Amino acid sequence: MTIQNVCVVSARDCSQTGNQRNTLRWDLSPEEIRATTDNLINRVKKAYDDIGSLSTEHVTVENTLKALANVKLDYASSRHVLDFPQYVCPSKEVRSASTEADKKLSEFDVEISMREDVFKRITALQRKFQDDVSPEEKRFIDRLVTLGKRRGLHLSKDIQEEIKRISKLISELSIEFNQNLNEDNTFLVFSERELGGLADCYLNGLEKTANGKYKVTLEYPHYFPLMKRCHNPETRRKMETAFHSRCKEVNTAILEQLIQLKAKVADLLGYSSHANYVLEMNMAKNAGNVSDFLDTFYETLKPIGIKERKYILALKKRECLMKGYEFDGQINAWDMPYYMNQVEQGKFAVNKDKLIEYFPLDVVTEGLFGIYQELLGLKFTEVERANVWHENIKLYSAHDTETGEEIGQFYLDLHPRGGKYGHAACFGLQPGCRGPDGKRRLPVAVMVANFTKPRKGWPSLLQHHEVETYFHEFGHVMHELCSKTTFSEFSGTLVETDFVEVPSQMLENWVWEKEPLRRMSRHYKDGSAIPDNLLDKLIASRVANTGLMNLRQVVLSKVDQLLHTSPCADTAEVFAKHCQEILGVPATPGTNMTASFSHLAGGYDGQYYSYLWSEVYSMDIFFSRFKKEGILNPKVGTEYRRVILEVGGSVDGMDMLETYLGRAPCQDAFFQCKGLIRET
């Protein structure tokens, strides 16, 4: 269907001239990717050589800082046509070429980050022009100096070379870790009886084998509905075991090598652990503060988790008696999603089969677009005949409703394919900052997800948690597009890692409010509105399983912290220990969830706590401003865009929060939203 509130323009009309254009190409052959990668590296290296050859007495803001800013912008704007196709391109040959380009560019990243000659020019500039620069220029200079020291450029040549060698290996192994997951195509085969409890719309979407059985992949649209709905515990056990054994052998070895290598680099740089090294640049500052935060949260959750486990165990015992299953007296990993779903249905009477019928993807997209446009003062237009990597991809242009200015473009890639990135994420493709001519460059981003594909007689229907995911990731897209920084270094989501989730987590709240839910839901058959009683039950269910869901986040955060405060680790053992001690649920023997925990090799190493940490601030923003002044109040939304989204990382996260809230942030809204009672 045509999405309302979105007009259609041609790619030719939409693209502007000069620095404003989206010049991204997605039709490069493997040979062109290789050649373009080499050309980009040579171009960037020459610019660094020119800066590094300057006399330290003659460095200026123009020939050093702005020259670096220009080459960083060129690099950031040019690399993603080379390294992004590995996540989405239908052609395995192109994906492989893109992965190789990513490895080469990541190795080059290490090289240019350790240019001691350039570092000396920056430190000379810092001494010379400390007071004669703008606040963002000063922040940029100070950041470059800090990063140089964090790479050991103030240390001996021998140590620098060792850091460089290990850093290149870390980059290569991280890419391999995620490539292995992207290329995994494991599936299991079950009879119809083994899939008891699953709806016809689910079964109709599965491929069949020659003998009439069903092929179930480990992709999200197959895995999660099965784990929540399938009555057969043996089927769930097989699926959970397979899901948490993805790439187990190869990725366990890679992850445990990465842990050792990162600990070695941290030691060379004088840090007590890799976690303390990465956290220095975050709001949390050190592993001790993270540990205190997680421990406090755990103590609050612990009694609620015990109560919820007791209730779930009673549900399991009753079902085993009714269906003649053997009751083993414990909650297993494959029981958790199933019985947590029963809690929602039993305690809150949420009918998931009925609910999903009101969330066809096109209707959700229409409502989501309308809410974001109204809230942020934007208008989205679909770009016709756009250059894309697959026929199902759409490109949109975003304009400011007041000025008419095109502020950015975004792609939507929403359905699973073979070899595609298996999670949901936003990828920044071009930064939104000033170019060498002083004019703003056009930011471009893409949202990648894996929602159920439409098929004959059935549109793509979303579970409510998928609607929440859509809102979350699209929040990242808006962060990228609204960016108005001077330097690409601070564009969009390039903020502290434990602040980056704040804007998108804050916007998740809209999928728990009645008016926005009405706007993004209609029955897929007759267009009827979602009934009030179903809507009320859904909203009330927000606090369902609060203890167990948040305790799982504590488990993952603590596992991440322990792995990255240790010189080496048995990853499966660490995960199993924390699952048992914190969640009270044993990890399935023979599995290793961390081998498919892509965050650990994807930039969140030592920083997974950021999801809980950010949620504290996101809830404060929502309840203190939007809930009080109107969740669709354009004045509050416009201020949010200006204070939080537009500034990117050019201002500290805490300063943004204090400006927007008019006070220091607090945790009350967070615990209130979770349905938790804090001891005072």
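Remember, it's a predicted structure, so these values are computed and weren't measured experimentally.
Counting heavy atoms from C-beta on, the side chains of M239 and F190 come closer than 4.5 Å. No side-chain heavy atom of N22 sits less than 4.5 Å from a side-chain heavy atom of V383. Looking at heavy atoms from C-beta onward, Y87 lies out of side-chain contact with V448 at the 4.5 angstrom threshold. Using a 4.5 Å heavy-atom cutoff, the side chains of Y75 and D109 are in contact. Put simply, the side chain of L361 reaches to within 4.5 Å of the side chain of Y470, judged on heavy atoms. Side-chain contact check for L188 versus L218: some heavy-atom pair is nearer than 4.5 Å.
There is no side-chain donor-acceptor pair under 3.5 Å between H476 and T493. Between the side chains of E501 and S610, not a single donor N or O lies within less than 3.5 Å of an accepting N or O. Of the N and O atoms on the side chains of D498 and Y609, at least one donor lies less than 3.5 Å from an acceptor on the other residue.
Note: H274 and H564 have tilted aromatic rings, judged against thresholds of 30 and 60 degrees for the angle between ring planes.
Counting only distance, with no hydrogens or angles, the side chain of H415 and the backbone of T452 share a donor-acceptor pair below 3.5 Å. Side-chain atoms of S53 come within 3.5 Å of backbone N or O of D50 as a donor-acceptor pair. The backbone N or O of L54 sits less than 3.5 Å from a side-chain atom of R121, completing a donor-acceptor pair.
For the pair R246 and F243, the cation-pi criterion (under 6.0 Å, within 45° of the ring axis) is fulfilled.
Enclosure of atom NZ in K164 by more than 12 non-hydrogen atoms of other residues, nucleotides or ligands within 6.0 angstrom is indicated. Annotation for E280: atom CD counts as buried by contact number, over 12 foreign heavy atoms lying within 6.0 Å. Within a 6.0 Å radius of NZ in K168, more than 12 heavy atoms belonging to other residues, nucleotides or ligands are found. For CZ of R95, the number of neighbouring non-hydrogen atoms (other residues, nucleotides, ligands) closer than 6.0 Å is greater than 12.
Among Y611, Y608, Y604, the single residue meeting the side chain to side chain donor-acceptor pair (under 3.5 Å) criterion with H599 is Y611. Checking each of Y396, F427, W389 against Y411 for a ring-ring contact (aromatic ring centres under 6.0 Å, His included) leaves exactly one that passes, namely W389.
Centroid-to-centroid, the aromatic rings of F410 and F369 come within less than 6.0 Å.
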